[in-house]
Amino acid sequence: MIRILLIAITSFLLSIHGFSQDSEAMSEVEANIDSKPNLDVGITVKALTMDYLSQNGGQFSAFQKYHVGFELGLLKRIANQLYISVPLKVGVVQSESGLEGDHKALISGDLRLNYFLIDQDNPIVPHIIAGVGYVYERPGVSNIQIPVGIGFNFRLASKAYLTFQSEYRYALEDGRNNLHHGLGFTFFLGPKEVAQKKSMEEKKEMEKEVLDSDGDGIIDELDLCPQETGSKELDGCPDKDEDGIPDYKDACPDQFGSMALKGCPDSDEDGVSDNEDECPNMPGTIANNGCPDNDADQDGIPNDLDRCPTVAGTAANGGCPEVDTDGDGTPDSIDECPNAIGPKNTLGCPDQDGDGVKDSDDRCPSVPGSPVNNGCPDENVDTDGDGIPDNIDKCPLKAGSSLYAGCPDTDGDGVDDSRDACPDIPGPAATRGCPRGQIPDSNELRNVDSDGDGVMDADDKCPGRPGLAVYDGCPDTDGDGLDDSRDRCPNSPGPVDTQGCPEVSASDRRVLQIAMRSVQFETSKAEFKSESFKVLTQIAEIMDRYPDFNLSIEGHTDGQGSAIDNQRLSENRARACYQFLINSGVPPERMSYAGFGESRPIATNETVSGRTLNRRVEFALVPRQ
């Protein structure tokens, strides 16, 4: 039997040697890719010598009495260098008596742990073992044994080892302690693991595959927005307004909206997004850009509520045009001076110095000042730079002398220009600064024609400018049939019914009317919503088309909140529109703005729709003075 086992072992080792040579050739290939073998599962085959003599009173050196066995086992990795093994053994053993009857055949099975002390890539790998085993001896005798020992694996190839192992086996039955010494082969099964080291190109490719530039947990290869932090649900893209639509698909990324409207809101729920809705707070139709289709005159008031359904009007006047007796753009219903031309920011009353304080309340009506100072300038303001503050300067727009309270004396005759009837011709004070013999009154200036237009100054409505007799000495600069003294737009032709100013086209009037509803702000703030920019840009373009008109901007609020807060909010919103138009190229001197808070509602504040109409900014073109 010994010869048979030795022959089997020798044949097996020779085959391993051949395998080793093949493996060496393969190892060169493996080295090129620097891979590591898979050593998770293996099998062991060993030839054994079983010594039951030396541990039970016999001589250790009595090798001729040792018997040979055979072992077949299975190894399974459970940690980095720790394995569990199940070896099965068969053999014949002899006790100390040496009698023929003391030879016994046995079969055993162990369950034990193998711990490799160093990594198995090394040429020689020591290991220790410990466990428990069951041994069956013929005829019908069995016992439990506890094996402990040490072994060495000698590496033959990447997954093949020559194994030597020696173990002491303590038996729980008297006289059965023994030693086992084995020599054999261990072979690990399974494919090779993925290469531990890669070429530089492979490393770069691997790094590229796992790169996450924005650090949102989604690698760039799968991230639709690799440079912006986003969520997994949106494939790595951001969603600022959290409406479930990624910003790159969202037409209104800062406002919560619906997928159907590309992420934009629809305040009136008419199917037209606010950024494209010309009437965002009033349900309408898609064909009419979000405005009601039952609005024949397109003034934003439905036909059934419009007292003048075919003529555009205002909500305050029931849909009918406002009456404006003096033609200053301020309807008589709110015009405090309905028969005198004035800007909207002074409620239609004259304001000759344009400081926002109507002349009747202005202590300095010809000098721009501040409302805080009752229309007079601050004491430190000196507009004409003559060293005399505007608040005591009788001629604040012309540099003069302190001798004449700030007025000049152009002809140097001792009569300042504000009192001189002939400021360019020297004359005594007795004749109001005119040469002697020319009494400066309407009855005695019949021979004076200052502008040389053939119309004597006494009859000349424009004595300082050459004109036509048909116009009482006044010119008609734009040739529209209305002389400059009555023409509110003397440099641009226009019909008499608009006081000589160009007519504003119906489409431009509609833009100004729509703007009242389309300029939208964030709640309780003077910050524009994005849909406001379109109509504000259109207003800037209108101002370019009508250079003879100024623009009045009025802010209004609903009745919610305190009156003081609403007044401040309305002023800030009007100012925001004013500033936007300046940034769009409209000269600031062509615009004025004012806020009226909740003082001028055009609808009830008791309903949501009424409050929506009251929150508005009105824009009106006013002929330049």
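Numbers for residues simply follow the sequence, beginning at 1.
Asp110 has a carboxylate O that lies under 4.0 Å from a charged side-chain N of Arg169, or vice versa, which qualifies the two as a salt bridge. Taking the charged nitrogens against the carboxylate oxygens, Lys89 and Glu167 do have a contact shorter than 4.0 Å, which makes a salt bridge.
For Pro226 against Ser213, the heavy-atom pair with the smallest separation is O-CB, 3.4 Å. Residues Phe256 and Asp241 share a closest heavy-atom pair of CD1-O, 3.5 Å. Between Ala574 and Ile553, the shortest heavy-atom distance links the atoms O-CG2, 3.9 Å. For the residue pair Asn614 and Thr604, the shortest heavy atom distance occurs at ND2-O, 3.8 Å. Heavy-atom minimum distance, Asn114 versus Ser85: OD1-OG, 3.0 Å. Taking both residues in full, the closest heavy atoms of Ile124 and Pro126 are given as O-CD, 3.7 Å, listed atom of the first, atom of the second, then distance.
Within a 6.0 Å sphere centred on CG of Asp174, heavy atoms belonging to other residues, nucleotides or ligands number 12 at most. Other residues, nucleotides and ligands place more than 12 heavy atoms under 6.0 Å from the CZ atom of Phe533.
With hydrogens and angles ignored, the 3.5 Å screen pairs no side-chain donor or acceptor of Asp40 with any backbone N or O of Arg77. Distance alone, capped at 3.5 Å, is enough to place a donor-acceptor pair between the Asp212 side chain and the Asp216 backbone. Put simply, the side chain of Ser518 gets close to the backbone of Glu278: a donor and an acceptor are under 3.5 Å apart. For Asn56 (side chain) and Asn177 (main-chain N/O), a donor-acceptor pair under 3.5 Å exists by modelled atom type. Using modelled atom types, no side-chain atom of Ser267 and backbone atom of Asn281 make a donor-acceptor pair closer than 3.5 Å. With hydrogens and angles disregarded, a donor-acceptor distance shorter than 3.5 Å links the side chain of Gln81 to the backbone of Phe116. A distance-only check finds no donor-acceptor pair linking the side chain of Arg155 to the backbone of Asn122 [under 3.5 Å]. The backbone N or O of Ala526 sits nowhere less than 3.5 Å from a side-chain atom of Arg573 that would complete a donor-acceptor pair. A distance-only check finds no donor-acceptor pair linking the side chain of Asp247 to the backbone of Asp250 [under 3.5 Å]. A donor-acceptor pair under 3.5 Å links the side-chain atoms of Gln520 to the main chain of Arg517, judged by distance alone.
The OH atom of Tyr115 sits 15.5 Å away from the CD1 atom of Ile129 when rounded to the nearest 0.5 Å. The distance from the SG atom of Cys252 to the CG atom of Asp243 is 9.0 Å, given to the nearest 0.5 Å. Note that the CG atom of Asp214 and the CD atom of Gln227 stand 7.0 Å from one another [nearest 0.5 Å]. Atom CG of residue Leu39 and atom CG of residue Leu189 lie 10.5 Å apart, to the nearest 0.5 angstrom. If you take SG on Cys264 and CG on Asp274, they are separated by 8.0 Å, rounding to the nearest 0.5 Å. Here the straight-line distance linking atom CD1 of Ile107 with atom CG of Leu88 works out to 7.0 Å at 0.5 Å rounding.
Between Tyr593 and Tyr578, the two ring planes are tilted [angle within 30° to 60°]. A perpendicular orientation is assigned to the rings of Phe580 and Phe528, their planes being inclined by more than 60° (bins at 30° and 60°). The aromatic rings of His556 and Phe596 lie parallel to each other, with less than 30° between the two planes, well short of the 60° mark.
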Could you give me the CA-CA distance, side-chain angles and deciding distance for Glu137 and Asn143, then say whether side-chain contact (heavy atoms from CB on, under 4.5 Å) is met?
-> CA-CA 8 Å; Glu137 300 178 4; Asn143 60 85; 3.6 Å; yes
Given Ser532 and Phe521, is the side-chain contact (heavy atoms from CB on, under 4.5 Å) satisfied, shown in steps?
-> CA-CA 8 Å; Ser532 302; Phe521 297 87; 6.0 Å; no
Step by step, would you call Leu113 with Ile78 a side-chain contact (heavy atoms from CB on, under 4.5 Å)?
-> CA-CA 10 Å; Leu113 295 175; Ile78 59 175; 4.1 Å; yes
Candidate pair Ile602 and Arg616, rule side-chain contact (heavy atoms from CB on, under 4.5 Å), full reasoning = CA-CA 10 Å; Ile602 59 175; Arg616 68 197 189 279; 3.4 Å; yes
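Aromatic rings from Tyr161 and Phe185 are positioned such that their centres are separated by 6.0 Å or more.
At a threshold of 4.5 Å between non-hydrogen side-chain atoms, the residues Cys577 and Met591 do not count as touching. Using a 4.5 Å heavy-atom cutoff, the side chains of Leu74 and Val41 are in contact. For the pair Tyr83 and His127, the minimum side-chain heavy-atom distance is 4.5 Å or more. In this structure, Asp277 and Asp270 have side chains that are in contact, with non-hydrogen atoms separated by less than 4.5 Å. Between Pro280 and Glu531 the shortest side-chain heavy-atom distance does not fall below 4.5 Å. You'll find the side chain of Thr44 stays beyond 4.5 Å of the side chain of Leu72, heavy atoms only. Between Asn289 and Val272, every side-chain heavy-atom pair lies at or beyond the 4.5 Å cut-off. Asp235 has its side chain out of reach of Leu222: every pair of non-hydrogen atoms, C-beta onward, lies at least 4.5 Å apart.
With sequence neighbours excluded, the residues forming a side-chain hydrogen bond (donor to acceptor under 3.5 Å, both in side chains) with Ser507 are Ser505, listed by chain and number.
When only modelled atom types and interatomic distance are considered, His181 and Ser166 share a side-chain donor-acceptor pair under 3.5 Å. Looking only at atom types and distance, the side chain of Gln255 has a donor-acceptor partner in the side chain of Ser530 under 3.5 Å away. Judged by distance alone, the side chains of Arg575 and Asn572 do bring a donor and an acceptor atom under 3.5 Å apart.
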Enumerate, atom names and distances included, each donor-acceptor pair closer than 3.5 Å involving a side-chain atom of residues 559-568, sequence neighbours excluded.
from   : atom 1 : to     : atom 2 : distance (Å)
Ser562 : OG     : Asp565 : N      : 3.1
Ser562 : OG     : Asp565 : OD2    : 3.0
Asp565 : OD1    : Arg568 : NH1    : 3.2
Asn566 : ND2    : Asp558 : O      : 3.3
Asn566 : ND2    : Gln560 : O      : 2.9
Asn566 : ND2    : Ser562 : O      : 3.3
Asn566 : ND2    : Glu598 : OE1    : 2.6
Gln567 : OE1    : Gly597 : N      : 3.4
Gln567 : NE2    : Glu571 : OE2    : 2.8
Gln567 : NE2    : Gly595 : O      : 2.7

